[in-house]
Amino acid sequence: MSIIGLGQIGGSLGLALKKSSRYLKNRYLITGIGRKKSTLDAALKIKAVDEVSLSLQTARNADIVVICTPVDTIVPLYKQLSKIVCKSTIITDAGSVKCSIEEEIKDLLKKSKGVPFVGSHPMAGREKNGIFSAEADMFKGANVIITGAVRQSAKEESLISQMWKDAGANIVNMPAKKHDELVAFTSHFPHVIAFLLNKIYKKIKKKKPQIDVLTAGSFKSMTRVAVSSADMWAPIFAANSKNVEKYLNEFIKELNVFKQSLKDKRKVRREILKTQK
């Protein structure tokens, strides 16, 4: 199999599958494909892959290709890979947005032949970035959403599900539209809040550097993911903008209600209690 993109998710998948290969019947020979030699060398060093390449052509004989790159690159990579890999190859991804990817691939398949695509999204990750933040147990007990519905059979979907199970994950099947709506609230929207809270903090710090003396657990928890990769998150927000905007509007509405209650401790208490019932 081939993993394209050896950041945290791609690297963790490689580590997890290599770890599982020690005691499971399934044996994974993994080729890591990327753009930077330094990243590929690092992936070899931590033993996340068996071999590496700078060329997509290396994936031509892979049985499974996992695309672990920013969501706006998944469809272009699928298009290139369709001309390279065998007809029996299954392409999957780890993208945080599913609808737009599936729709674009469906449009491509109307115009020309392609290979099976099974959409998947592991609900896992850390705020750090890059291959050295990869962990072999990243997916242990995590849910992986399988949405794939593009030129694939039950057998092909089963093979991708098994791959994620071998990495330690639980499988949840869900339509792409429902996935995008719900993940907008559970993941995308919280990242917006963290980014903006961190932005305000940096503005305050310029004028009042002593603010750092007063940052403790709650602030650090709220802004933990604010150091996440902009290259990864900007395409996610753009691809799922309608759903994210819906929850932002709801949040703004609730903020205004809370703001109007601030001077009356009874009203504030009532608003707080509403969040806890």
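Below, all heavy atoms of this structure are taken into account, side chains as well, without hydrogens, waters or symmetry copies. Because the structure is a prediction, the values reported are computed rather than measured. One-based numbering along the sequence shown.
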Do the ring planes of Phe189 and Phe185 sit parallel (below 30°), tilted (30 to 60°) or perpendicular (above 60°)?
parallel
Can you tell me if Asp166 and Gln162 form a side-chain donor-acceptor pair at under 3.5 Å?
yes
Do we see a donor-acceptor contact under 3.5 Å between the side chains of His188 and Ser96?
yes
Return the set of residues passing ring-ring contact (aromatic ring centres under 6.0 Å, His included) with Phe237 (not counting sequence neighbours), or none when no residue passes.
Trp233
What pairs with [X] under salt bridge (Lys or Arg N to Asp or Glu O under 4.0 Å), at least two apart in sequence or on another chain?
X	answer
Lys267	none
Glu127	Arg224
Asp63	none

Under the side-chain hydrogen bond (donor to acceptor under 3.5 Å, both in side chains) rule, collect the residues that match up with [X], sequence neighbours excluded.
X	result
Ser229	none
Ser133	Gln8
Thr58	Ser53

Among residues two or more places apart or on two chains, list those pairs meeting salt bridge (Lys or Arg N to Asp or Glu O under 4.0 Å) that have a residue in [range].
range	result
residues 242-259	Glu181-Lys246
residues 40-55	Lys18-Asp50, Lys37-Asp41
residues 76-100	Asp93-Lys98

Which pairs of donor and acceptor atoms, one on a side chain in residues 203-215, lie under 3.5 Å apart (sequence neighbours left out)?
from, atom 1, to, atom 2, distance (Å)
Lys205, NZ, Asp212, OD2, 2.9
Asp212, OD1, Tyr201, OH, 2.6
Thr215, OG1, Asp212, O, 3.0

Residues that, via side-chain heavy atoms closer than 4.5 angstrom, fall in one hydrophobic cluster with Leu262:
Phe258, Val268, Ile272
What are the two closest non-hydrogen atoms of Asn240 and Ala184, and how far apart are they?
ND2-CB, 3.5 Å
